[in-house]
Amino acid sequence: MDRSYESAFALVRPAVGPVSEHLGAFVTSLIAKQYSVAVVYIKTQQAVAFDRWLHKHRIALADLDEGHFARYQRRYSRRRRARHLDTRRRELCVVGQLLHFLREQGMCKWPHSV
């Protein structure tokens with residue numbers, strides 16, 4: 001599949017997790033921030049993968065918090081499948097960006113201040 005804004009939206013269509021109905025708006029927000037086509041496509045892939053993981057682990061959107069990031073990042077360690085450190089950092093950044101977007105939309109809770 002060629003990378004385009006349309007192909008990024010095509011990645012979102014079959015999503016079924018708790019974030020799925022908000023992924024299109026997330027992609028639109030990335031485009032509005034003038035990310036390149038390639039970056040939007042990659043960020044969309046990572047957001048869809050996170051949505052799939054949430055669905056698999058039955059995590060509701062209202063319950064989503066930073067603790068889920070750590071669990072998501074450790075998902076490959078059990079299989080001994082190494083991923084490059086830069087890949088993990090970029091993935092964590094995208095998932096954090098998605099969570100921030102969802103919080104701004106009022107879809108999940110903000111962290112409590114200590």
Side-chain angles (χ1 to χ4, degrees):
M1 178 180 283
D2 289 331
R3 291 182 182 181
S4 66
Y5 293 134
E6 292 79 18
S7 64
F9 282 110
L11 291 172
V12 169
R13 285 187 204 109
V16 295
V19 180
S20 62
E21 67 184 75
H22 308 288
L23 290 173
F26 178 65
V27 173
T28 300
S29 76
L30 296 174
I31 294 168
K33 292 176 183 172
Q34 300 183 346
Y35 283 103
S36 72
V37 171
V39 170
V40 169
Y41 186 85
I42 291 167
K43 285 179 180 275
T44 303
Q45 283 181 314
Q46 292 171 337
V48 168
F50 182 61
D51 180 59
R52 191 178 311 117
W53 181 86
L54 292 171
H55 178 70
K56 178 181 175 183
H57 289 85
R58 299 177 185 202
I59 298 167
L61 183 57
D63 298 331
L64 189 57
D65 63 26
E66 282 75 11
H68 297 109
F69 292 149
R71 286 182 53 204
Y72 181 67
Q73 284 285 291
R74 290 190 306 263
R75 72 192 185 281
Y76 290 116
S77 64
R78 291 186 197 117
R79 296 184 203 151
R80 298 175 191 243
R81 183 174 165 190
R83 290 180 300 144
H84 194 273
L85 182 59
D86 285 342
T87 302
R88 290 194 317 248
R89 285 182 184 150
R90 284 188 207 112
E91 185 178 73
L92 187 59
C93 180
V94 171
V95 173
Q97 189 176 12
L98 176 61
L99 181 59
H100 185 79
F101 170 80
L102 293 169
R103 286 176 172 158
E104 284 181 332
Q105 304 302 311
M107 298 298 133
C108 56
K109 59 189 174 193
W110 289 91
H112 292 63
S113 299
V114 178

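Considering only heavy atoms from C-beta on, D51 stays 4.5 Å or farther from H22 through its side chain. Within the 4.5 Å cutoff, the side chain of L11 has heavy atoms near those of the Y41 side chain. A 4.5 Å side-chain heavy-atom check between F26 and Q97 finds at least one atom pair inside the cut-off.
Here the closest non-hydrogen pair linking G24 and F9 is O-CE2, 3.5 Å. In terms of heavy atoms, T44 sits closest to A8 at CG2-O, 3.3 Å. Of all heavy-atom pairs spanning L61 and M107, the tightest one is CG-O, 3.5 Å. When all heavy atoms are compared, the tightest approach of G17 to S20 is O-OG, 2.8 Å. In plain terms, the two heavy atoms of Y5 and S36 that are nearest each other are OH-C, 4.1 Å. The shortest non-hydrogen separation linking P18 to A60 is CB-C, 4.4 Å.
Taking hydrophobic clusters as Ile, Leu, Val, Met, Phe, Trp and Tyr residues chained together by side-chain heavy-atom distances below 4.5 Å, Y72 shares a cluster with I59. Put simply, V48 and F101 are part of the same group of oily side chains (I, L, V, M, F, W, Y) that touch within less than 4.5 Å, one to the next. Under the 4.5 Å side-chain heavy-atom criterion for ILVMFWY residues, a single connected hydrophobic cluster contains both L64 and L23. Criterion: ILVMFWY side-chain heavy atoms under 4.5 Å apart, direct or through other members. Under it, V94 and V19 are not part of a common hydrophobic cluster. At a threshold of 4.5 Å between side-chain heavy atoms, the hydrophobic network of Ile, Leu, Val, Met, Phe, Trp and Tyr places I42 and V39 in two separate groups.
Note on ring orientation: taking the six-membered ring where Trp is involved, the planes of W53 and H57 are tilted (angle from 30° to 60°).
Atom CD of Q34 has 12 or fewer neighbouring heavy atoms from other residues, nucleotides or ligands inside a 6.0 Å radius. Around atom CD of Q105, more than 12 heavy atoms belonging to other residues, nucleotides or ligands sit under 6.0 Å away.
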Practice task
Walk me through it: do Q46 and L98 pass the test side-chain contact (heavy atoms from CB on, under 4.5 Å)?
Solution key: CA-CA 10 Å; Q46 292 171 337; L98 176 61; over 6 Å; no

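With rounding to the nearest 0.5 angstrom, the NE2 atom of H100 is 11.5 Å from the SG atom of C93. Residue L99 holds its CG atom at 10.5 Å from CD of E104, rounded to the nearest 0.5 Å.
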